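Please read the structure below before turning to the comments.
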2 protein chains.
Amino acid sequence: MSQMERKTAGVPTLKRLPLYLRLLRKMKEDGENYASGTVVAKELGLDPIVVRKDLAITGAVGRPRLGFPMDEIISAIEEYLGWSNTSDAFLVGVGSMGTALLGYKGFEQHGMRIVAAFDSNPAIIGTTVHGKTVLDVAKMPELARRMHVQIGILTVTASVAQGVADKMIEGGIRAIWNFTPTSLDVPEHVILQREELASSLAVLSHRLLVENSL
Amino acid sequence: MSQMERKTAGVPTLKRLPLYLRLLRKMKEDGENYASGTVVAKELGLDPIVVRKDLAITGAVGRPRLGFPMDEIISAIEEYLGWSNTSDAFLVGVGSMGTALLGYKGFEQHGMRIVAAFDSNPAIIGTTVHGKTVLDVAKMPELARRMHVQIGILTVTASVAQGVADKMIEGGIRAIWNFTPTSLDVPEHVILQREELASSLAVLSHRLLVENSL
DNA sequence: TTTAATAAGATATTTTAATATCGATTTCGG
DNA sequence: CCGAAATCGATATTAAAATATCTTATTAAA
């Protein structure tokens, strides 16, 4: 059928892959040449079968008794996630969350680089946050188009989220990482990734409640 | 069997409940007296059947043709999540992420209140961040025990995460919200909720890659 | 008062993810 | 050099979630 046989992984698998990658990179630094699914599973507290199946989907091939060659498995995961080439991203909304994300050094290891930050507040525009000068959000769409930026990080107030998202799409941005508590309305072809702190908190709260009522 | 018939919801359901709650609160403000699963579903871009089943699990009972009485459905969700009484939380690690979380005003509406912040850096201890004075982390375990704090928010550097988690548990904390990229090792009875930015990014990256290769 | 429309609630089906089982292969210890 | 132990990889089973179907209750409009 297709020339590039890329098996489709489910969301749970995709979410585990970065955990493997982080551990494997550390193991490599420690001088390990092979990593078995068994070891990875034990280290992360997961089921070995899950790990094996997840790793299999990247196309990596392991050796009995030894596991997966370290370099191969690491690049297989990176390739699969599209992290072998870093993508550029724009961040809009330099509030608490935006500032925190600008300060996070790890994104480059996850295939992404925040190349510019934007805000609408004149008091913030022109200031430097974590080494990046904050630009006027009005210039964002055109810049996005000129620089072929594909990823937009949305850390604005909920009330303006939809408007800013529209501007991102206008600038040709294809994927929006949404940190606002807003259900965005976007065209079919735009990828939405919602980050919901409240959802995680709900899981935690409910578990706590159940435990307390035992 | 049990006097309190609390049906067990899966994680996906738990994660959707806060979305409903947020929308319902807004609808209530707008003067609506009833909310139907159909309307909620359309507003959030979800399947109506999913919404109905999720709402059913909270024990709320709706009326045909009208939907769920607004006040009842809102308190049903809050009760179910344990958000009708706010729980106290300690935050440890006042870096970028910790500062961002301290600045987030919405937690009170999600059943949680950050009552104190801690750090180990002498340059940070004593300063005030978003209205809260940062305390020495050395005092955290004893304070946690005295104040019966149940939730610990972990926003420290990866390398010290396990040690701080141990101290939290020593102080009687029962649930840890882990924002560090570390696989924590905790006793059976401690609830762990991991927040993985890399996982979300992985889903986004992979989708972008697939779309680009079409 | 009757009827059509809407939505809850129950049941059934399909799909997806997690878990278990087994055989084949290769390294390593004896 | 040979056998035991470990691991991959494939297949099968179970469990959970999403989706679909159908019935019934109730309201609002004709």
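Chain letters run A, B, ... following the sequence lines, proteins first, then strands; residues in each count from 1. Given the structure is predicted, the values throughout are model-derived calculations rather than measurements.
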Task: B:R63 vs D:dT27: side-chain N/O to OP1/OP2 distance below 4.0 Å - done: yes
TODO: Would you please indicate if the ring centroids of A:F90 and A:F118 are separated by under 6.0 Å?
DONE: yes
Task: Euclidean distance, B:T58 OG1 relative to B:I74 CD1, rounded to 0.5 Å - done: 11.5 Å
Task: Separation of D:dA10 C1' from A:I57 CD1 (nearest whole Å) - done: 14 Å
Open item on the list: Just the rounded figure in Å: distance from P of D:dA16 to CG of B:L14.
Closed with: 14 Å
Task: Spacing of A:R22 atom CZ and A:Q109 atom CD [to the nearest 0.5 Å] - done: 9.5 Å
TODO: May I have the distance from A:R52 (atom CZ) to D:dT11 (atom P), rounded to whole angstrom?
DONE: 14 Å
Open item on the list: If you assign each of A:R65 and A:A60 to its closest nucleotide in DNA chain D, which residue comes earlier from the 5' end?
Closed with: A:R65
TODO: Could you check if a side-chain atom of A:T86 sits within less than 4.5 angstrom of a side-chain atom of A:F107, using non-hydrogen atoms only?
DONE: no
Open item on the list: Rounded to whole Å, please give me the gap between NZ in A:K53 and C1' in C:dA17.
Closed with: 7 Å
- [ ] Answer with base, sugar-phosphate or nothing: what part of the nucleic acid does A:L66 contact at a heavy-atom distance below 4.0 Å?
- [x] sugar-phosphate
- [ ] Return no unless some side-chain N or O of A:R16 is found under 4.0 Å from OP1 or OP2 of C:dA18.
- [x] yes
TODO: Would you kindly give the CG-to-P distance between A:L55 and D:dG9, to the nearest whole Å?
DONE: 9 Å
Task: Rounded interatomic separation in angstrom, taking CG from B:N33 and P from C:dA7 - done: 16 Å
